[in-house]
Each structure stands twice: as structure tokens, then as C-alpha cells.
Amino acid sequence: MHFISFIAFSLVTAIPAVSAYPITGDSVNCRSGPGTSHSIARTYRKGDEIKVSCQATGTNVKGDELWDKTADGCYVADYYVKTGSSSYVTKKCQSSGSGGGSPGSANGKAIVAAAEKEKGLPYKWGGGGCNGPTGGGFDCSGLTQYALCQALDKKIPRVAQDQYDTSMGKRYPRSEAKEGDLLFWATGGDCKKGVSHVGIFIKDGLMINAAHTGTPVREQAIWTSYGSESICPYVMRFV
């Protein structure tokens, strides 16, 4: 009896208890997915303790690409969580269609690949379409129209607002974005009539686009607001 009890006690003590980890930032956003492009679900205060159910890679925050999924079901940048390690302290989160910016279909990959082939070409206002660059380059919606024509043999509208509104695709919350989906920005955040920019989602925190005069077609971090433009809450999926 004593021997069996000792073994049982040893096994119990050998498995560390699930720990709660303190938040180190003053006001830390917990997001719907592992990246700063995802919507804010709640905010933690410095010293709040969270339980981490799994971890995933996402937007790089001060050199740390890990994001911790909390018991509340949202993601916090690991940089702001005192886990005692800069690597995984628990299991990896499984990819899913929601909240994780999961990879798209083969067609989604093809959309990104078509745009990637045009990297380095200059921004050209009104440039580009299904037949390729015009005037030596692309503007934002010219690039997206070209990528879908090449990948899907599907001609979507030419203007960013019309690409956001068209019934040819289906809208999804930005937190459910997949590879090949189109991201949109609007002046003053008015996505009903003020869409002014569009890019192609690659993965959490990263897109490819033709941004503005002076920049080439390139990959860059997904931004939520810049100047008078704010990101729209939905993506468009054409696959």
C-alpha cells in the first residue's frame, strides 16, 4: 500500500500543474486571431493572469512571433506574457478556418503566386488589369484584378470599391482571412462608399499589394490604419 501510494504521489508531482502567466504590458489587446490585423476581443491589464491553451505563430511583435491563445478564446502576443521562455511552453494551436488566418485552397495560393510574379514593378495609377501591367506597372486594384484573372480565369471589377461590393465573391470577417482573400481599406473607415485601397492576404500579418506612388509591388505588413485610411472589417473571397 505504501509503495503504491508513493508511486502515485511521484507520478502526480512529476507532472507540472497548469500555470497562469502574468501580463507584462500596461494595456494588452487580446485578438480574435494570432496577429495585429485581427479584431480586438478584450484587453488585459498589467498583472492580469491568463491561462494559455495553445500557441501559434503570427505577427512579429518586437522580435517575437509567438501568440498565446488564452482560456478566454483570444490571442495575446507572447512578448507581453511572462511565460519564462521565448519558445513554446505548451502545444501548438491547430489551424482552422476561423481566427487563425489559415492557409487557403490551391486557388488561393495561385492568386498569391500570380501577384508575387509581379513583385518589383512600379506603382502606376490606373495601371494593370487582366492582360498585365500598363504603363509599366500596376495600381492596387489593377494588381488584384490581374491576379484573379491569371489564377482563376475570373474577371472581377476593376475598381477597389466595386471589388469589395461585387456579388462574384463572398465576404468573410477579417479574422477568418485565408490565403488569396482580398483586404480593403477605406477613407475615414467608410467601407460602404469610401474604399480606396486593396491588397491580397498571404498569411497573418502579411499581404502583397501595389500601395502607392514611389513603391513597387511588394509584400508588406498588414496595417490597420494609415493617415485617413482604415482597414475594412471584411475580406472578399473569390474561390
Side-chain angles (χ1 to χ4, degrees), residues 15-113 116 171-184 199-209 219-225 231-237 239:
I15 302 173
V18 175
S19 299
Y21 302 106
I23 295 291
T24 60
D26 291 328
S27 181
V28 177
N29 293 327
C30 194
R31 297 180 177 270
S32 59
T36 53
S37 65
H38 293 283
S39 59
I40 298 171
R42 61 169 299 167
T43 301
Y44 295 118
R45 296 173 298 177
K46 187 174 184 177
D48 284 349
E49 292 193 336
I50 61 167
K51 289 185 177 180
V52 179
S53 58
C54 61
Q55 293 174 289
T57 56
T59 305
N60 188 308
V61 176
K62 299 184 185 296
D64 189 344
E65 294 184 342
L66 272 183
W67 285 69
D68 304 333
K69 187 174 185 180
T70 76
D72 295 316
C74 51
Y75 292 79
V76 176
D78 185 69
Y79 178 83
Y80 298 111
V81 183
K82 190 175 182 180
T83 61
S85 173
S86 59
S87 59
Y88 287 88
V89 295
T90 186
K91 65 182 180 181
K92 293 183 180 180
C93 300
Q94 293 183 346
S95 296
S96 67
S98 61
S102 59
S105 64
N107 285 337
K109 293 179 184 295
I111 293 169
V112 172
E116 292 277 1
R171 285 185 184 177
Y172 289 87
R174 202 174 71 247
S175 62
E176 298 179 16
K178 292 186 177 183
E179 189 174 14
D181 290 351
L182 302 191
L183 299 157
F184 298 86
I200 303 172
F201 183 90
I202 299 175
K203 63 180 181 180
D204 281 319
L206 188 67
M207 66 176 175
I208 182 167
N209 72 149
E219 292 182 0
Q220 69 176 104
I222 296 170
W223 40 272
T224 54
S225 62
I231 199 166
C232 293
Y234 296 99
V235 299
M236 283 294 289
R237 187 172 302 158
V239 298

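It should be emphasised that the depicted structure is a prediction, and the values quoted were computed from it without experimental measurement.
- Under a 3.5 Å cut-off, the side chain of Arg174 and the backbone N or O of Leu183 do not form any donor-acceptor pair.
- Applying the side chain to side chain contact (heavy atoms under 4.5 Å, CB included) rule to Lys62 yields the partners Tyr79, Tyr80; only residues at least two apart in sequence or on another chain are considered.
- Going from atom CG of Asp26 over to atom NZ of Lys46 covers 5.5 Å, rounded to the nearest 0.5 Å.
- Rounded to the nearest 0.5 Å, atoms NZ (Lys203) and OG1 (Thr57) are 7.0 Å apart.
- Side-chain contact check for Glu219 versus Met207: every heavy-atom pair is 4.5 Å or farther apart.
- For the atom pair Ile50 CD1 and Asp72 CG, the distance stands at 8.5 Å (nearest 0.5 Å).
- With Trp67 contributing its side chain and Thr59 its backbone, the two residues share a donor-acceptor pair below 3.5 Å.
- Considering only heavy atoms from C-beta on, Thr24 stays 4.5 Å or farther from Val81 through its side chain.
- No hydrogens or angles considered: a donor-acceptor pair under 3.5 Å links the side chains of Ser85 and Ser87.
- Here the closest heavy-atom approach between residue Glu176 and residue Arg237 is recorded as O-NH2, 2.9 Å.
- Inter-residue side-chain proximity for Thr224 and Thr36 is flagged as unmet; no heavy-atom pair is nearer than 4.5 Å.
- In this structure the side chain of Asn209 reaches within 4.5 angstrom of the side chain of Gln220, judged on heavy atoms.
- The two atoms that bring Val61 and Ala77 nearest to each other are CG2-CB, 3.9 Å, heavy atoms only.
- Between Cys93 and Tyr75, the shortest heavy-atom contact is SG-CE2, 4.0 Å.
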Open item on the list: Ile222 vs Ile231, test: side chain to side chain contact (heavy atoms under 4.5 Å, CB included). Steps then yes/no.
Closed with: CA-CA 9 Å; Ile222 296 170; Ile231 199 166; 3.9 Å; yes
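- The minimum heavy-atom distance between Pro34 and Asp204, with the atom names listed, is CG-OD2, 3.5 Å.
- Residues Tyr44 and Cys74 meet the side-chain proximity criterion, which asks for heavy atoms closer than 4.5 Å.
- For Gln55 (side chain) and Thr90 (main-chain N/O), a donor-acceptor pair under 3.5 Å exists by modelled atom type.
- Side-chain atoms of Asp64 come within 3.5 Å of backbone N or O of Leu66 as a donor-acceptor pair.
- Here NZ of Lys92 is found 12.0 Å from SG of Cys54. Values are rounded to the nearest 0.5 Å.
- To the nearest 0.5 Å, the span separating CZ on Arg31 from OG1 on Thr43 amounts to 8.5 Å.
- Few gaps surround OH on Tyr21; more than 12 heavy atoms of other groups in view lie less than 6.0 Å from it.
- Interatomic distance, Ile202 CD1 to Glu116 CD, rounded to the nearest 0.5 Å: 5.0 Å.
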Task: Verdict with reasoning, Val235 to Phe201, per side chain to side chain contact (heavy atoms under 4.5 Å, CB included) - done: CA-CA 9 Å; Val235 299; Phe201 183 90; 5.8 Å; no
